[in-house]
Each structure stands twice: as C-alpha cells, then as structure tokens.
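Naming: A, B, ... by sequence-line order, numbering from 1 per chain. Hydrogens, waters and symmetry mates play no part in the numbers below; they use all other heavy atoms, side chains included.
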Amino acid sequence: MNDETNSNTPPIDENKYIALRREKLTQLREQGQAYPNDFERKEFAQELHDSYDGLNREQLEEQAVAVSFAGRMMFQRVMGKASFAHLKDMSGTLQIFVQRDAIGEEAYNAFKQSDIGDIYGVKGVLFKTRTDELTVKVSELTLLTKSLRPLPEKFHGLTDQEQKYRQRYIDLIMNEDSRRVFKIRTQTISFIRQYLTDAGFIEVETPMMQVIPGGAVARPFITHHNALDMELYLRIAPELYLKRLVVGGIEQVFEINRNFRNEGLSTRHNPEFTMLEFYQAYANYEDLMNLTEDMVRQLAKAVVGTTTIDYQGDQFDLEKPFERMTVAEAVMKYNPDLDASKLEDSDYCRSIAEGMHIKTEQSWGAGKLLIEIFEKTAEDQLMQPTFITAYPTEVSPLSRRNDENPFVTDRFEFFVGGRELANGFSELNDPEDQAERFQHQVSEKESGDDEAMHYDADYIRALEYGMPPTAGEGIGIDRLVMLLTNAPSIRDVILFPHMRPE
RNA sequence: GGGCCGUUAGCUCAGCUGGUAGAGCAGUUGACUUUUAAUCAAUUGGUCGGGCGUUCGAAUCGCCCACGGCCCA
C-alpha cells in the first residue's frame, strides 16, 4: 500500500484503550522483535485434553508431560505472584499457570501488563489444579502478537448482529456457536462431496463469468471484460454447462460453487450463495428424489448426529419417508374448495388468483397462475420434508414434459420448514422442444420480463449432438446449512454476508 | 419498495411526562502463589448514529438522512 492509498483510508475509531495498548506495543518494539515468528507450536488444546484429562494428578506429575502450546488469551486472573490465564487455539481452550518464581520477575511483571486478546506461546509441563482442570505450568512465556483492540466483554460476548456480520473475526473469537455453525457448514459440503464421489459422480468447475447467463430464472450481475470489450454476466446457475458435459460423456457430474443473483436481500437471500448441482445420465427425477432423501438423511446423521431437526421452534423428522405430492394435490390440500378438474384452465386459475389478491400478468397461462396460487397458499405450510412434483411446463423451461400430461413436467422441488431446499427434474433433451421453450422465454423477455431466459444457441447445438436421458438437481447449500444449524438467517451461515458499506 | 423496531462508555444494557448522562463487565492503580462471571480497596471513561427544527433548556419531542433487525411485496 502506498502513501496515497493510506491517506485515502478513512480514519477508524481510536480510543483510550487502544492508545494504552499502542504504548505497550511501542515498548515492545524498543525491546526487540515485537512480532516474533520463531515459536514452535507442537500441541493443540483439544488433543491435550483428549490425551490427559483422564489422568489424575499423581499420574500427570509422574509423566511430566512437556508441551509447547500457543493461543489467544481470553481470560487472565492475576493473584499476586501467580496468575491463571486461558489460551484459545483453533481446537479449543487450555489453561496456563504462570508463577513469578518460575519465569522470573521481569517476565512476570510483563505478563501482568498483558491484555485480553494478546497471543502467547508457552512452554511448560502439564498438571491439574485443585478443581482438576488440566493446566500448563509455564516455564517459558512469549508474547507473540500484541492485540491493540479490546474484545467484547466475556459474559455476554458479541450480540450485535451487524457487528457479527461486518466483523466476523470478532464473532468467531467470541462465540462458540458461530464456530459450530461454520464447522457444520464445512462438514456438510465435505459430506456431500464424498457422498456423490462415492456414488460415481465427478466434480467439475464451470464458468462463473458467462456470455449468456442461463440455467435459471433470475436477474444477473453484469461485468465488463476490458481486453475483449464485452459484457459478461456472473452466473446465475451452472446448469447449461453441466449438461454440456453430460453431452460430452461425463455421465455423472456435479459442481459445488457460488451463484450470483441480482435480487433483494432477505433472511433467505444473499446475492452470492452456494449451490450444489448434479446430473446423472440414464436416471429420472424419481431416482433423484430417492437419492436426495437418502443423502439428506445420512447427512443429518453425519454432521448433527440425529435425523430429528429442531428448527426455530419446529421439529422436522428426516427419518420417516419423505412425503410426495403433486403441485395440484398440494393446492387442493390447502384450498379444498377449489375445483380440481379446472386447475389447468387459465380463466379459472386467473379468477382464483385474483381473488387471492395475486398480481397477475395478461401473458400468464394456467401453469404460471397455478404456481402463484401454490406459492401463496401451500408452500410455507410444507413443514415436514416433502417432495412436490408435476410442476407446470410453463414455469419449467428446462424440464422434460410428462408423458401422460404435457401440461406438467417430470420435475420436483424439495421443501422442509416451508422453504425450498432443492429443485430437480428429468432433463429436457429434445433439442427442438428446448429451442421452442427458449423462444418462448425470449418473447417473455421482449414483453418486459427481465428475468426471462436468453436463447442459448450453443446449448441447443450441444443437445443436437444428443444428450442421453438425464436427470439433474440443484440443492441450496446455505439453506440446507441453516436447517442443520438452526440458523434463522442466511447471513448466519455465510462467513461474510453482503452488507452495505459502513 | 412499504410498515414496525433499534442505534447511549470498549462490550451488554438502563435512562419516566424535556431540567448538569448511569449500572454491570472491561480498563487504570494497589493487595493477593490453585483462580473458574475470583475477591478486596480506590478510580478513569461519553460529539447519547448524523443533520435540521421546536424550546430558556433535547439522549428524551418533530422532520430528514445513514446503518441494522423483523415483517410484508
């Protein structure tokens, strides 16, 4: 960073606490290397607890276990000529016991000057206190990093939502539950990756910057490539690229990566979010429902140890077979007064929708109207794990038509707690049907729907080479993690959620 | 985009119908060689989110703005 950028840096908050710590840092600089990098950390807190918590005082004393341990000081208690402190590392917390007579008067006085948040390396021998807490009796103590900013008070921790999101590092230092959430997130992604790999799927990476944003109905972010002087779109979905790979013979393929959608923010929407998409040739949407059911059930067992999920006051059972019903069945279940035989009649659906104060467009057919009715009256009632099938063709431009009823497609969405977690279908592999559907989307776009899809000519060309019968699915990882961690907002499961600049 | 709520010390929060801004923890100084939200004594600390207005007087009332939270579209 040069001087100019420094001078452009807005001043950040300073206060007397920071000033006092800066003075201590200045002294450290005068005494030598203030930021040493030669401490050799050999043990983690948790492995020491695992190995030695079980031993009694006498056994520990006999073994005289020497350790070299480092961490952030989260707690310090000075009692005259001896002090206790807790050092926290990535794995957990370990107590240290520092005595003047063991490390010398000069070092001990320096230790008394330290602040909560300082990072220490210690060498010493393990012992147990009167209350049987595993503790390092320190023989050598090194201040590795001076902390200049005071941490939140230990009892309440950091509760301010905004600060948790903007300064996630403080949140992670202070809140065990936040660390737990992000650990479960990591474990979730690892589990899924392993599950699919074990099932013969191959993981790939496809473009995040696309010339034609496809694969979903959403508004994209636009960016610009200088050398080529052209607009590019951040992807809204990887779908069309993954299906090109199926054409190319990668018959079972998946990607876990970020999608970007230029839409409003809410507790369920972040502009960038993580999606799993996977495709399997010679499978249909029912195979994928079965796979999803098994994967979600096993995932829950693996990462939270139970298939009974407590979520914001509700309880969901992932053990018993997931319910399955069609869109039309769901609409009738929650609107028993409707005429089931007229749900494919656009005039009928329009009058019902308008009676529900749904804002409709003239161009909408029965399928779109039916989905609006479904979303308004049924979706948020789907609490227990439920697959909804038979989505109207009109709202499923990439899905294969149903053989018996071309009004609907071989598609499902998966709901838990009233929230859509997954969307899958037998893929439309008829290039001529796909071309027509794209054409329909283009006319929607021309009549003002800026979320409608573009015509992707190369994708049609790929299909013309022949894509085997295939089923594909997308699972929203963030929402899945919300469910598993009992998180009320998507921002709680994204390390650095999007915020307006301070 | 609309509605409601919030923004006060480093952190967590009080602050009534307008009258010199408070607590706990943290910090500072001192005591204490097995503490667990340690204890004891003393003590510092504020542009009350920003701006404008009403008023003799505004953290408090009104308007505007910023940021956040929740709900709705």
Sugar-phosphate means primed atoms, P, OP1 and OP2; the rest is base. With that split, encode nucleotides 40-46 of chain B 5' to 3' as B, S or - using protein heavy atoms under 4.0 Å. ----BS-

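- Of the P atoms belonging to G69(B) and G30(B), the separation is 44 Å, rounded to the nearest Å.
- The backbone N or O of V481(A) sits nowhere less than 3.5 Å from a side-chain atom of R185(A) that would complete a donor-acceptor pair.
- Residues D380(A) and Y334(A) form no side-chain contact, since every pair of their non-hydrogen atoms from C-beta on lies 4.5 Å or further apart.
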Expected rows: protein N/O vs nucleotides 69-72 of chain B N/O, under 3.5 Å:
from, atom 1, to, atom 2, distance (Å)
G69(B), OP1, R491(A), NH1, 2.5
G69(B), OP2, R491(A), NH1, 3.3

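- Between the NZ atom of K137(A) and the C1' atom of U34(B) there is a distance of 9 Å, rounded to whole Å.
- Between the side chain of T386(A) and the backbone N or O of F415(A), no donor-acceptor pair lies under 3.5 Å.
- Contact between Y120(A) and L87(A) at its shortest, heavy atoms only, is O-CD1, 4.0 Å.
- The distance between atom CD of Q167(A) and atom P of G10(B), rounded to the nearest whole Å, is 13 Å.
- Taking atom CG of N109(A) as the reference point, atom P of G30(B) lies 10 Å away to the nearest angstrom.
- The ring-ring contact (aromatic ring centres under 6.0 Å, His included) test applied to F75(A) returns H86(A), not counting sequence neighbours.
- Taking NZ of K445(A) as the reference point, atom NE2 of H440(A) lies at 13.0 Å (rounded to 0.5 Å).
- Taking the side chain as every heavy atom from C-beta outward, Y35(A) and R29(A) approach each other to under 4.5 Å.
- One interatomic measurement links the two molecules: CZ of F97(A) to P of A38(B), which rounds to 16 Å at whole-angstrom precision.
- Rounded to whole Å, the separation between the P atoms of C11(B) and A26(B) comes to 15 Å.
- Rounded to the nearest Å, the gap between the C1' atom of U12(B) and that of U54(B) is 34 Å.
- Checked by atom type and distance alone, the side chain of Q99(A) never pairs as donor or acceptor with a backbone atom of S139(A) at under 3.5 Å.
- In this structure a side-chain-to-backbone donor-acceptor pair under 3.5 Å is missing from Q76(A) to I116(A).
- Distance, E263(A) CD to G1(B) P: 15 Å, rounded to whole Å.
- Separation of the P atoms belonging to G24(B) and G45(B) is 16 Å when rounded to the nearest angstrom.
- A donor-acceptor pair shorter than 3.5 Å cannot be found between the side chains of N423(A) and E473(A).
- The minimum heavy-atom distance linking L369(A) with A353(A) is given by the pair CD2-CB, 4.3 Å.
- The backbone N or O of P385(A) sits nowhere less than 3.5 Å from a side-chain atom of E323(A) that would complete a donor-acceptor pair.
- Between R500(A) and G68(B) there is a side-chain polar atom (N or O) within less than 4.0 angstrom of OP1 or OP2.
- Straight-line distance between the C1' atoms of C25(B) and U43(B): roughly 16 Å, to the nearest whole Å.
- Comparing C61(B) with C5(B), their P atoms sit 12 Å apart, to the nearest whole Å.
- Residues from residues 118-134 of chain A with heavy atoms under 4.0 angstrom of RNA chain B, sorted by number: F127(A), T129(A), R130(A), T131(A), E133(A).
- Taking for each of L158(A) and D115(A) the nucleotide of RNA chain B with the nearest heavy atom, the 5'-most of the two is the partner of L158(A).
- Between D160(A) atom CG and U7(B) atom C1' the separation is 9 Å, expressed in whole Å.
- With sequence neighbours excluded, the residues satisfying side chain to side chain donor-acceptor pair (under 3.5 Å) with S91(A) are D89(A).
- On the P atoms, A23(B) is 14 Å away from A9(B), given to the nearest whole Å.
- Taking atom CD on Q163(A) and atom C1' on U7(B), their separation rounds to 12 Å, with Å as the unit.
- Of the possible donor and acceptor atoms, one in the side chain of T186(A) sits under 3.5 Å from a partner among the backbone N and O of F182(A).
- Within the structure, every side-chain polar atom (N or O) of K112(A) is placed at least 4.0 Å from both OP1 and OP2 of A31(B).
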Atom pairs and distances, side-chain donor-acceptor, residues 256-263 of chain A, under 3.5 Å, sequence neighbours left out:
from, atom 1, to, atom 2, distance (Å)
R258(A), NH1, E272(A), OE1, 2.6
N259(A), OD1, R235(A), NE, 3.1
N259(A), ND2, I236(A), O, 3.4
R261(A), NE, I236(A), O, 3.1
R261(A), NH2, I236(A), O, 2.9
N262(A), ND2, P220(A), O, 3.4

Pairs under 3.5 Å (N/O, protein and nucleotides 21-25 of chain B):
from, atom 1, to, atom 2, distance (Å)
G24(B), N2, E153(A), OE1, 3.3

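- Judged by distance alone, with hydrogens and angles left aside, the side-chain atoms of R411(A) form no donor-acceptor pair with the main-chain N or O of I388(A) at under 3.5 Å.
- Here G157(A) lies in heavy-atom contact (under 4.0 Å) with sugar-phosphate atoms only.
- When the P atom is used for both G50(B) and A21(B), the distance is 16 Å, rounded to whole Å.
- The stretch residues 352-366 of chain A has no heavy atom under 4.0 Å from RNA chain B, so no residue of it qualifies as close.
- No side-chain donor from either of Q113(A) and N109(A) sits under 3.5 Å from a side-chain acceptor of the other.
- Within the structure, salt bridge (Lys or Arg N to Asp or Glu O under 4.0 Å) pairs that include any residue of residues 154-172 of chain A comprise E162(A)-R166(A), K164(A)-D171(A), R168(A)-D171(A) (at least two apart or interchain).
- The stretch residues 70-79 of chain A comes close to RNA chain B through F75(A), R77(A), V78(A), M79(A), each having a heavy atom under 4.0 Å from the strand.
- Ring geometry for H454(A) versus Y233(A): interplanar angle of 30 to 60°, hence tilted.
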Can you give the dot-bracket line for RNA chain B, where a pair is Watson-Crick or G-U wobble with both atom distances under 3.5 Å, crossing pairs use [ ], and | marks a partner on another strand? (((((((..((((.....[..)))).(((((.......))))).....(((((..]....)))))))))))).

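- Listed for the E43(A) side chain is no donor-acceptor partner under 3.5 Å among the backbone atoms of L48(A).
- Here the side chain of N56(A) pairs a donor or acceptor atom with the backbone of Q59(A) at under 3.5 angstrom.
- Nearest-nucleotide assignment on RNA chain B puts the 5′-proximal partner with R166(A), out of K376(A) and R166(A).
- Sorted by first and then second residue, the side-chain hydrogen bond (donor to acceptor under 3.5 Å, both in side chains) pairs involving residues 363-374 of chain A (not counting sequence neighbours) are K368(A)-E372(A).
- Per the geometry, CZ belonging to R100(A) stands 14 Å off C1' belonging to A31(B), to the nearest Å.
- Counting non-hydrogen atoms of neighbouring residues, nucleotides and ligands closer than 6.0 angstrom, the NE2 atom of H224(A) exceeds 12 such neighbours.
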